[in-house]
Amino acid sequence: MIVDIHTHLFPPRLIAERARLAAADEAFGEMYADPKAKMATAEDLLASMDRAGVDVSVACGFWWSDPAIAAEHAAYLVEVARDSGGRILAFVPTPIPAEGAAGIGEVRERTPEGVPVSRLPVLIHGSEETGHAYPGKTGGVTPGAFGRLIEARPEARVIAAHWGGGFPFAALMPEVRASIAGRVIFDSAASAFLYTPEVFRRVIDLVGVEGVAWGSDFPLRTQEADRAYVEAAVPDETERAAVLGGNAARFLGLSR
Ligand SMILES: [Zn+2]
């Protein structure tokens, strides 16, 4: 099973209103005010999945400041997931625990208190403490904040997006490795814009292959190109199958 654990969808109405929303919501504006920043609907994602041979995609919301917009976004994600026959899993914007949601995300809460208490997995936007600037980097969850968060919330099941901002080095500490085992998985979303392909080998060695899952960050990256990128970076067939879907399927409780 091929699973993309990190994509983004928006309802058509919010895409049509992007300029107004970008002016009203600072975080959204930072990432989507530029009309060249891609936004996608469920139809776009399903067509992409057909092209790229993806069985299941996790579709995330956005960290809106307006709860009404977040609720509208969540309702759309749940609806398209329900209509997708299991191909799309809805990760809804916090703090809406929508019926039919498979998870919560993408969030960028830096404090343990900010992360919603839920039985559902939470996808957290990691940010590096160094390196080049890009929209969405400022205000993300840095490795230190991420470490405090998972320490304070031992029950939380977490998808640490964008390689957890570089957190995996800490997994060489035995107590950290024990604390993340089975409940934290690191995704590769936007990796091609951040790191050299060696990051796949390095993180597999640091956290164990079972702790790594492919995320494309579609539509920022096409699933087709990003899947090919991962396949080139992870030549071993067993590891590749785990990263491209086996690990995500286990983490999300998927079967077929
Ligand atoms: Zn993100």
Side-chain angles (χ1 to χ4, degrees), residues 3-10 14 18 21-22 25-34 37-40 45 48 57-65 69-70 73-74 77 88-95 101-111 114-116 120-146 149-150 156-168 184-195 199-200 203 211-223 226 229-230 248 251-252:
V3 182
D4 184 343
I5 208 165
H6 189 142
T7 73
H8 292 278
L9 299 184
F10 288 89
L14 299 187
R18 66 188 289 169
L21 293 165
D25 186 309
E26 192 183 342
F28 180 78
E30 184 189 345
M31 297 185 70
Y32 295 105
D34 182 349
K38 295 189 189 77
M39 299 177 79
L45 176 62
S48 163
S57 292
V58 165
C60 293
F62 186 76
W63 45 82
W64 297 102
S65 56
I69 301 282
H73 199 164
L77 291 165
I88 296 175
L89 298 179
F91 269 47
V92 299
T94 184
I104 296 167
E106 184 171 8
V107 305
R108 56 171 197 178
E109 304 292 346
R110 284 164 167 259
T111 64
V115 170
L120 298 175
V122 183
L123 191 148
I124 297 177
H125 178 76
S127 283
E128 311 75 35
E129 273 164 328
T130 186
H132 69 276
Y134 55 85
K137 177 161 177 157
T138 313
V141 181
T142 55
F146 185 74
L149 194 153
I150 54 169
R157 303 186 64 243
V158 173
I159 300 166
H162 318 294
W163 302 116
F167 182 83
V184 175
I185 197 163
F186 295 88
D187 88 25
S188 65
S191 193
F193 294 140
L194 299 170
Y195 298 94
V199 69
F200 284 87
V203 177
V212 175
W214 172 46
S216 67
D217 222 353
F218 170 91
L220 182 69
R221 292 270 293 164
T222 73
Q223 289 181 312
D226 209 63
Y229 184 83
V230 177
F251 189 83
L252 297 166

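Sequential numbering from 1 along the given sequence is applied to the chain's residues. When a ligand or atom number is given, it counts from 1 through the structure's own listing order.
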- Going by the angle between their ring planes, with limits at 30° and 60°, are Phe186 and Phe167 parallel, tilted or perpendicular? parallel
- Query: Cation over ring, Arg18 on Phe10, under 6.0 Å and within 45°?
  - Reply: no
- Passing option when Ser216 is tested against Asp4, Asp226, Thr222 for side-chain hydrogen bond (donor to acceptor under 3.5 Å, both in side chains): Asp4
- Task: Tell me which N, O or S atom of Glu106 sits nearest to the Zn ion (ligand 1).
- Result: OE2
- Message: Closer than 2.8 Å to the Zn ion (ligand 1): does that hold for any N, O or S atom in His162?
- Response: yes
- Can you sort out the partners of Glu128 under salt bridge (charged side-chain N to carboxylate O under 4.0 Å, His left out), two or more places apart, ordered by chain and number? Lys137
- Task: Measure from the Zn ion (ligand 1) to every N/O/S atom of His125 and report the name of the nearest one.
- Result: ND1
